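Notes follow the structure.
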Amino acid sequence: MNQLTPPLPDTYRHQGQRRALARELRQRGIHDERVLAAMAAVPRHLFFDPAFENHAYQEKAFPIGEGQTISQPYTVAYQSQLLKIQPSHRILEIGTGSGYQCAVLLQLTDDVYSMEYNPVLFARSRQHLAALGATRAELHCGDGSLGWPAAAPYDGILVTAGSPGLPPALLRQLRIGGRLVIPVGDASTQRMVRVTREGPDAFVREEFDTFRFVPLRGAGGWDNQ
Ligand code: SAH
């Protein structure tokens with residue numbers, strides 16, 4: 001997996017805060033050991049403006065500019081766990097944002113694609129990930145609600161923005177046995193949904209807890225409502 005080489009100090013204090021975060025996540029019900037190890041490994045403070053570094057290991061979402069937020073650690077761990085990622089899996093993330101979730105995915109498999117709609121965040125997340133040495137993900141700027149057909153099929157697709165429904169393009173790009181994890185609902189709250197593709201036209205839908213995400217834009221998201 002990715003060996004991370006932080007450009008800025010990753011001190012014993014930061015590492016201790018991350019171990020405490022992983023313990024807290026375990027208490028809240030995250031039980032996938034690989035996900036917990038990934039959360040303990042990725043220096044979340046390096047995805048923040050240094051002025052706000054103190055907020056990095058608190059259990060909360062935080063502004064990353066352009067009206068968007070980095071998801072709270074519990075949400076990142078929760079979505080990652082639902083995907084059941086194996087080291088051989090190919091994963092597509094929609095909504096790169098800060099790049100933090102992408103760095104967590106790179107701890108779970110080397111085969112990660114991530115798409116971001118906003119060009120400012122796209123450029124910044126690329127810098128953050130490159131500075132950490134997390135260069136293996138293939139990043140694209142564009143409408144992720146249409147997926148990235150060139151690298152399909154995927155074993156897992158993770159949407160980190162709230163969607164009015166299930167984008168058909170994302171369902172089509174799942175491998176048989178693959179899983180789509182996506183928050184579905186209205187603008188204020190969404191249920192976490194996992195759809196497993198069991199056959200060419202067979203999809204099984206499960207619903208989990210309620211969350212609050214920024215809206216998924218684009219043709220398969222709110223721009224089409
Ligand atoms: N995963 C991110 C948090 C994402 S916030 C992290 O770890 O920091 C949701 C992101 O989805 C925002 O950056 C927003 O610009 C992006 N987004 C919204 N609609 C999109 C679309 N159709 N395609 C790609 N990205 C989209």
Side-chain angles (χ1 to χ4, degrees), residues 21 25 35 38-39 41-49 52 55-83 85 91-108 112-129 131-132 134 137-149 151 154 156-171 173 180-185 187 190 192 211-225:
L21 175 66
L25 292 170
V35 170
M39 298 299 293
V42 178
R44 190 167 184 261
H45 63 284
L46 300 180
F47 294 85
F48 280 58
D49 181 305
F52 302 119
H55 298 269
Y57 297 109
Q58 294 169 9
E59 195 41 70
K60 59 183 183 189
F62 203 78
I64 53 171
E66 303 289 307
Q68 306 301 320
T69 51
I70 181 170
S71 302
Q72 73 186 72
Y74 176 69
T75 309
V76 171
Y78 191 100
Q79 290 197 288
S80 303
Q81 179 166 278
L82 282 178
L83 283 167
I85 301 172
I91 304 293
L92 172 65
E93 178 193 23
I94 311 303
T96 320
S98 66
Y100 172 68
Q101 167 83 71
C102 183
V104 170
L105 294 172
L106 282 168
Q107 294 293 302
L108 301 169
V112 177
Y113 292 75
S114 185
M115 295 189 69
E116 171 57 52
Y117 213 17
N118 180 299
V120 175
L121 295 177
F122 170 72
R124 204 179 291 154
S125 63
R126 181 185 283 282
Q127 278 173 5
H128 279 147
L129 289 164
L132 259 183
E138 196 174 305
L139 306 177
H140 294 280
C141 191
D143 181 4
S145 71
L146 300 174
W148 186 254
Y154 301 96
I157 301 181
L158 170 61
V159 181
T160 68
S163 178
L166 301 174
L170 298 186
L171 294 174
Q173 289 171 39
L180 167 66
V181 171
I182 180 169
V184 177
Q190 303 91 30
M192 194 65 76
F211 291 83
R212 189 190 175 106
F213 282 82
V214 297
L216 179 71
R217 314 307 314 248
W222 285 100
D223 292 351
N224 194 24
Q225 294 299 298

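What you are looking at is a predicted structure, and each value in this text was computed from that prediction instead of being measured. Below, all heavy atoms of this structure are taken into account, side chains as well, without hydrogens, waters or symmetry copies. Numbers for residues simply follow the sequence, beginning at 1. Both counts, for ligands and for their atoms, begin at 1 and track the order of listing.
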- Query: Which is it for L25 and E59 under the side chain to side chain contact (heavy atoms under 4.5 Å, CB included) test, yes or no, and what are the steps along the way?
  - Reply: CA-CA 9 Å; L25 292 170; E59 195 41 70; 3.9 Å; yes
Among the heavy atoms of [X], does any lie under 4.0 Å from an atom of ligand 1?
X	result
A219	no
T96	yes
G221	no

Sub-4.0 Å atoms of ligand 1 with respect to non-hydrogen atoms of [X]:
X	value
G142	23 (N), 24 (C)
L121	13 (O)
V214	5 (S), 9 (C)

- Please state which part of D143 comes within less than 4.0 Å of ligand 1, counting heavy atoms only: side chain, backbone, both or neither. both
- Query: For ligand 1, is any non-hydrogen atom under 4.0 Å from P215's backbone (N, CA, C, O), its side chain (CB onward), both, or neither?
  - Reply: backbone
Polar contacts were defined as any N/O atom of the residue lying under 3.5 Å from an N/O atom of the ligand; does this apply to [X] and ligand 1?
X	value
T160	yes
I94	no
G144	yes

[atom] [closest protein heavy-atom partner, distance rounded to 0.1 Å]:
atom	result
atom 25 (N) of ligand 1	Y117 N, 3.2 Å
atom 3 (C) of ligand 1	T69 O, 3.4 Å
atom 19 (N) of ligand 1	R217 N, 2.9 Å

Does [X] use its side chain to pair, donor to acceptor, with the backbone of [Y] at less than 3.5 Å?
X	Y	value
Q173	L146	yes
S163	L216	no
W222	G162	yes

- Item | Option nearest atom 15 (O) of ligand 1 (shortest heavy-atom distance, choices R124, Q68, E116, E93) | E116
- Message: To the nearest 0.5 Å, what is the distance between CZ on F48 and NE2 on H55?
- Response: 8.0 Å
- Message: Before you tell me yes or no, could you show the steps for I64 and F47 under side chain to side chain contact (heavy atoms under 4.5 Å, CB included), namely the whole-Å CA-CA distance, both residues' side-chain angles and the distance that decides it to 0.1 Å?
- Response: CA-CA 9 Å; I64 53 171; F47 294 85; over 6 Å; no
- Task: List for me each residue that meets side-chain contact (heavy atoms from CB on, under 4.5 Å) alongside N224, sequence neighbours excluded, and say none if there are none.
- Result: none
- Message: Give me each pair satisfying side-chain hydrogen bond (donor to acceptor under 3.5 Å, both in side chains) with a member in residues 92-105, each pair once, sequence neighbours excluded.
- Response: S80-Q101, E93-S114, T96-S114
- Can you name the closest pair of heavy atoms from G97 and S125 and give their distance? O-CB, 3.4 Å
- Measure the acute angle between the ring planes of Y113 and Y154, then classify it against the limits of 30° and 60° as parallel, tilted or perpendicular. perpendicular
